Number of protein chains: 2
Amino acid sequence: MYQLKKKCGTARRGEFHTPHGVIQMPAFMNVATAGAIKGAVSALDLRELKCQVQLCNTYHLHLRPGDEIVKQLGGLHRFTRWNGPILTDSGGFQVFSLAKLRNIREEGVTFASHIDGHKIFMGPEESMQIQSHLGSTVAMAFDECIENPAEYNYVKASCDRTARWLYRCKAEMDRLNSLPDTLNPQQMLFGINQGSTYADLRIEHMRRIRELDLDGYAIGGLAVGESAEEMYRIIEAVEPEMPQDKPRYLMGVGTPVNILEAVRRGVDLFDCVMPTRNARHGHAFTWQGIRNMMNAKYTLDESPLDSECDCPVCRSFTRAYVHHLFKSGEMLGMRLCVMHNIYFYNTLLERIRQAMDNDQFEAFYQKYTPILGIRI
Amino acid sequence: MYQLKKKCGTARRGEFHTPHGVIQMPAFMNVATAGAIKGAVSALDLRELKCQVQLCNTYHLHLRPGDEIVKQLGGLHRFTRWNGPILTDSGGFQVFSLAKLRNIREEGVTFASHIDGHKIFMGPEESMQIQSHLGSTVAMAFDECIENPAEYNYVKASCDRTARWLYRCKAEMDRLNSLPDTLNPQQMLFGINQGSTYADLRIEHMRRIRELDLDGYAIGGLAVGESAEEMYRIIEAVEPEMPQDKPRYLMGVGTPVNILEAVRRGVDLFDCVMPTRNARHGHAFTWQGIRNMMNAKYTLDESPLDSECDCPVCRSFTRAYVHHLFKSGEMLGMRLCVMHNIYFYNTLLERIRQAMDNDQFEAFYQKYTPILGIRI
């Protein structure tokens with residue numbers, strides 16, 4: 001399913017073929033938590049924002065509207081009107097970050113809904129069943145996500161359990177995909193590497209899970225408390241153990257610079273709420289750095305958010321207008337900034353791919369790494 | 001500037017020619033209070049929602065970003081990227097409804113900003129100056145807007161003052177339009193009829209203000225506490241006194257049924273926050289009545305919001321999805337419902353015009369008056 005087209009050092013230019021279309025890689029996934037991009041952006045908008053693939057959250061959709069409801073409504077594609085690839089996470093991260101009163105056992109996790117407190121049990125089988133109901137293109141394995149820093153022995157035991165859970169995920173996914181009423185019988189499964197910031201545990205865990213020959217592999221449990229340098233070190237440690245013929249997904253990452261650094265270290269796929277969340281606070285990513293649109297200096301500025309951008313927002317609206325919308329608390333300000341940031345992220349990945357195609361990735365990396373994180 | 005094409009009883013089918021385009025009448029104006037439609041809808045969206053004319057609020061724009069800022073940015077058309085006709089209100093209504101610590105004198109009104117409490121003076125000249133800075137197509141005269149019910153003698157005195165203020169508005173507008181740096185030297189001025197629910201005061205006031213031969217006339221001070229029947233009675237009383245060759249604008253009205261009733265009584269132009277405000281609470285106007293999208297019965301309903309509607313929302317999304325968005329607090333729910341309701345209102349007026357063109361207005365009125373206000 002994954003075709004490696006070219007390598008630029010460790011960086012990889014590839015294509016991922018899915019039942020819902022081809023994803024040019026490296027790629028960014030736009031986060032539609034509850035089946036909608038936050039900031040009033042619809043699946044129809046995503047098309048003109050160069051989005052290739054949408055990520056939806058299993059935990060949120062299980063609670064609301066309920067995965068059985070989504071299944072009755074024909075699955076996430078039909079429900080959200082997005083006809084490209086969709087990846088669903090396993091719910092694990094949210095169970096460990098959002099839910100209350102967790103109780104972890106070998107079978108799975110019992111937790112209280114963050115909406116109304118009702119008790120829910122989720123283990124590998126339940127996560128696969130929910131994702132099967134949602135009918136996503138790619139399902140993620142159910143794992144334990146540990147905050148960094150974490151104690152070595154706890155991490156080691158957790159990795160063992162996450163590996164055992166992965167076998168159960170695979171068995172359950174195979175069973176679900178063979179049922180006659182399954183929405184997407186070609187649903188793919190990605191395994192998730194854990195091991196906190198311990199390179200030896202990361203490597204050992206990766207070696208175990210790659211034996212399952214899954215459709216892709218993710219690095220989880222990063223960008224959860226450790227420094228960027230530690231994150232890069234762990235990617236470098238585990239990357240040589242990841243199959244070359246499978247996509248590699250760095251979960252929940254990150255800033256434009258994080259993405260450049262991770263691509264350079266062999267990662268293919270990313271997701272992050274940053275472009276949308278930061279936009280809702282008025283932060284616009286640009287090719288010159290990050291602008292805070294609340295800043296009074298934009299009051300009379302008739303330039304577009306980014307003079308190097310040709311997104312639908314930059315083609316039509318000025319900094320002065322967007323600044324005014326944020327100062328006035330107009331929802332439209334959020335929508336325009338979210339659209340711009342989604343376009344920026346997708347264009348960043350597109351330009352990374354073009355740079356690779358033209359053997360210019362290293363020059364691109366050198367040029368933009370010092371710029372994209374600056375606050376201007 | 002106004003061409004009466006046809007009458008169907010008292011109802012009028014006409015065209016209003018403005019420097020920013022022709023408005024087919026009767027028409028609805030979409031309310032973009034601070035230069036943006038609430039619910040994350042932009043001027044570019046308005047085009048595919050059949051919007052003919054946008055209304056912006058002088059009071060809000062004077063406070064934020066400031067009318068001098070808007071002027072420096074080229075006026076409201078350039079600022080909001082709406083290139084069709086724009087009407088600005090006078091600020092009067094907001095001064096009397098939103099602002100605090102009002103003090104009314106012959107010169108004008110001193111009030112405290114609802115944003116930060118700072119003291120502002122606004123009289124007829126100031127209102128005209130602000131609207132001239134905004135560069136709208138049509139400016140509204142500065143008047144006192146009284147809540148109903150009101151005491152007869154107070155209303156009579158207020159009508160006299162509003163009439164005196166109108167002379168000052170006209171003189172100031174003429175002066176401003178002749179200045180070399182005026183944004184829109186063809187800015188038009190509409191007078192506003194007042195008189196609360198007293199037919200004799202309404203008629204007397206209308207006779208006074210029509211002598212000024214302004215570009216249009218509005219009926220103000222209705223839909224501010226009185227019953228719908230009283231409103232219709234006042235329209236019927238004052239309508240025969242309004243010039244046939246000028247557009248007639250019923251300010252701040254109203255429900256679809258209010259609009260049908262007022263068109264039938266000779267009104268040409270409307271504005272109301274109802275389509276956008278009600279949408280933000282999940283209420284969708286349809287050709288079968290009003291739907292509350294929060295209602296659990298829509299959980300599995302794959303119909304569009306309105307099966308008779310071909311708006312961009314109804315062409316793509318289901319009731320089940322919009323219901324889910326509202327239940328999940330996703331901003332996208334508001335945007336989709338706002339877009340639908342704007343389209344519904346503009347289509348209602350379009351269908352009223354078509355019915356007039358086909359000599360079917362009375363049948364249209366009889367068919368839809370009993371339906372459009374029902375909660376279904």
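Chain letters run A, B, ... following the sequence lines, proteins first, then strands; residues in each count from 1. What you see is a predicted model; the values in this text were computed from it and never measured.
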Taking every non-hydrogen atom, the tightest pair across B:Y321 and A:A36:
OH-CB, 3.7 Å
Might you point out which heavy atoms bring A:F317 and B:S42 nearest each other, and give the distance in Å?
CZ-CB, 3.8 Å
More than 12 heavy atoms of other groups within 6.0 Å of B:F93 CZ:
no
Which of the residues A:H60, A:H323, A:M331, A:M334 is involved in the greatest number of heavy-atom pairs with chain B at under 4.5 angstrom?
A:M331
Taking every non-hydrogen pair under 4.5 Å, which of A:D45, A:L44, A:L325 racks up the most with chain B?
A:L44
Please give me the minimum heavy-atom distance between B:L300 and A:Q72, naming the atom from each residue.
CD1-OE1, 3.5 Å
For B:R81, is the CZ atom crowded, meaning more than 12 foreign heavy atoms sit under 6.0 Å from it?
yes
For the residue pair A:H324 and B:T80, establish whether any side-chain heavy-atom pair is separated by less than 4.5 Å.
no
Is it true that atom NZ of A:K50 has more than 12 heavy atoms of other residues, nucleotides or ligands lying nearer than 6.0 Å?
yes
For A:I69, is it the side chain, the backbone, both, or neither that has a heavy atom closer than 4.5 Å to a heavy atom of chain B?
both
Any side-chain heavy-atom pair of B:R335 and A:V41 under 4.5 Å
no
What residue in A:G74, A:S328, A:G66, A:G35 has the most heavy-atom pairs under 4.5 Å with chain B?
A:S328
For the CZ atom of B:R78 and the OG1 atom of A:T318, what is their distance to the nearest 0.5 Å?
8.5 Å
Between A:S316, A:A40, A:P312, A:G333, which has the largest tally of heavy atom pairs under 4.5 Å with chain B?
A:A40
